[in-house]
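Report on the structure given below.
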Amino acid sequence: MTPQNISTIVFDLGNVLYNIDIALSEQAFLSLGLPGFSTLYSLTSQSGLFDALECGHISPTQFMASIRNIAEVAVSDEQIISAWNALLIDFIPDCFPMLHQLKSRYQIALLSNTNAIHMLRINSQVREQSAFQTLSEAFHHAFLSYEAGLRKPFTEIYDLVTTTLGCEPAQILFIDDNLANIESATAFGWHTIHKTPEISLQSILSDYM
């Protein structure tokens, strides 16, 4: 049953609005001589290096220097960026028309654990596929972890989003593919939907369109 008091829809990015495949970066880093990528980064857990990048605590340059220290062979910035971006595929079909339609009826926001390197590539795809210069322009508000200095699933990010959006937690619908993020947002008082691969986002949002 659709909640009746929803005024705001908050979207995760990866595997909600945008298709990713972490195995592609794992394979790319393996080919560079970094065999342990899967132990450093996954959808459910990651090392302090990736946390620091996603929270903006280290710069892309510092991140690449750290990767070089871990790698078994010499690698360039360009090789690291290419391997890190390999997991990025593309936006889901009809992503921007769907957001445009929802934006006329709801306050919509983006809440993503992401980083400056990935967003450069994603924003390049945005310019190729829409009238926007950046993905943030497709929303009323965008909360990117590396800009906010906070990341899901920690309570502080939900508090920041709720306060900035100017609504009560119970007025927010949040869609994310990570169960830990869904559980923490639910505990904060948001309505949540766990996006799984077998159901399309369009089906999830059919009652809101």
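In this structure, CG on L165 lies 5.5 Å from CD1 on I172, to the nearest 0.5 angstrom. In this structure, NE2 in H194 is found 9.0 Å from CG in N181, a value given to the nearest 0.5 Å. With values rounded to the nearest 0.5 angstrom, I58 atom CD1 is found 5.0 Å from S66 atom OG. Once rounded to the nearest 0.5 Å, the distance linking NZ of K195 with CG of L205 reads 10.5 Å. Rounding to the nearest 0.5 Å places CG of N115 at 4.5 Å from CG of L53. In this structure, D177 CG and L13 CG are separated by 9.5 Å, a value rounded to the nearest 0.5 Å.
Aromatic ring centres of F50 and F63 lie closer together than 6.0 Å.
Hydrophobic clustering of Ile, Leu, Val, Met, Phe, Trp and Tyr side chains at less than 4.5 Å, counting indirect connections, keeps L110 apart from F143. Linking ILVMFWY side-chain heavy atoms closer than 4.5 Å, directly or via other members, places V126 and L111 in two distinct hydrophobic clusters. By the rule that hydrophobic residues join a cluster once side-chain heavy atoms approach within less than 4.5 Å of another member, I182 and I204 end up as members of separate clusters. Note: the hydrophobic cluster containing L49 also contains F29 (ILVMFWY, side chain heavy atoms under 4.5 Å, direct or indirect links). In terms of hydrophobic clustering, with Ile, Leu, Val, Met, Phe, Trp and Tyr side chains grouped at heavy-atom distances under 4.5 Å, F174 and M209 are assigned to different clusters.
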From CA spacing to verdict: salt bridge (Lys or Arg N to Asp or Glu O under 4.0 Å), D51, R151 | CA-CA 8 Å; D51 281 348; R151 63 188 299 275; 3.6 Å; yes
Apply side chain to side chain contact (heavy atoms under 4.5 Å, CB included) to the pair T164 and H141, showing each step before the final yes or no.
-> CA-CA 9 Å; T164 303; H141 295 276; 4.1 Å; yes
Between Q79 and S82, does a side chain to side chain contact (heavy atoms under 4.5 Å, CB included) hold up when you go through it step by step?
-> CA-CA 5 Å; Q79 287 174 305; S82 179; 5.7 Å; no
Please assess N178 against K152 for the test side chain to side chain contact (heavy atoms under 4.5 Å, CB included), listing each intermediate value before the final yes or no.
-> CA-CA 10 Å; N178 187 308; K152 301 171 290 185; over 6 Å; no
Enumerate donor-acceptor pairs with a distance under 3.5 Å from any side-chain N or O in residues 89-102 to protein atoms, sequence neighbours excluded.
| residue | atom | partner | partner atom | Å |
| --- | --- | --- | --- | --- |
| D90 | OD1 | Q129 | NE2 | 2.7 |
| D90 | OD2 | Q129 | NE2 | 3.4 |

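Y106 has its side chain out of reach of L173: every pair of non-hydrogen atoms, C-beta onward, lies at least 4.5 Å apart. Inter-residue side-chain proximity for I175 and D12 is flagged as unmet; no heavy-atom pair is nearer than 4.5 Å. Under the 4.5 Å side-chain criterion, counting only non-hydrogen atoms from C-beta, R68 is in contact with I80. With contacts defined as side-chain heavy-atom distances shorter than 4.5 Å, the pair N123/R121 does not qualify.
Using a distance-only test at 3.5 Å, with no hydrogens or angles considered, a donor-acceptor pair links the side chain of H191 to the main chain of A170. Listed for the T162 side chain is no donor-acceptor partner under 3.5 Å among the backbone atoms of D159. With hydrogens and angles ignored, the 3.5 Å screen pairs a side-chain donor or acceptor of S31 with a backbone N or O of A28. Checking side-chain atoms of S145 against main-chain N and O of E54 turns up a donor-acceptor pair under 3.5 Å.
Remark: of the listed residues I122, L24, N19, D21, I122 is the sole one forming a side chain to side chain contact (heavy atoms under 4.5 Å, CB included) with L88.
Y158 meets the ring-ring contact (aromatic ring centres under 6.0 Å, His included) test with W190; sequence neighbours excluded. Shown here are the side-chain hydrogen bond (donor to acceptor under 3.5 Å, both in side chains) partners of T192, two or more places apart in sequence or in another chain: T186. Every residue two or more places apart in sequence or in another chain that forms a side-chain contact (heavy atoms from CB on, under 4.5 Å) with T114 is listed here: S112, H118, M119, L144, Y146.
Heavy-atom minimum distance, P60 versus I117: CB-CG1, 3.7 Å. The two residues C167 and S7 make their nearest non-hydrogen contact at CB-OG, 4.2 Å. When all heavy atoms of L17 and F11 are compared, the closest pair comes out as CD1-CB, 3.7 Å.
Applying the side chain to side chain donor-acceptor pair (under 3.5 Å) test to pairs two or more places apart or on separate chains, none has a residue in residues 131-140.
Taking Ile, Leu, Val, Met, Phe, Trp and Tyr as hydrophobic and joining them when side-chain heavy atoms fall under 4.5 Å apart, one finds L120 isolated, its cluster having no other members.
Crowding of E168 atom CD: a count of heavy atoms from other residues, nucleotides or ligands under 6.0 Å not exceeding 12.
S203 and S206 form no side-chain donor-acceptor contact under 3.5 Å, judged by distance and modelled atom types alone.
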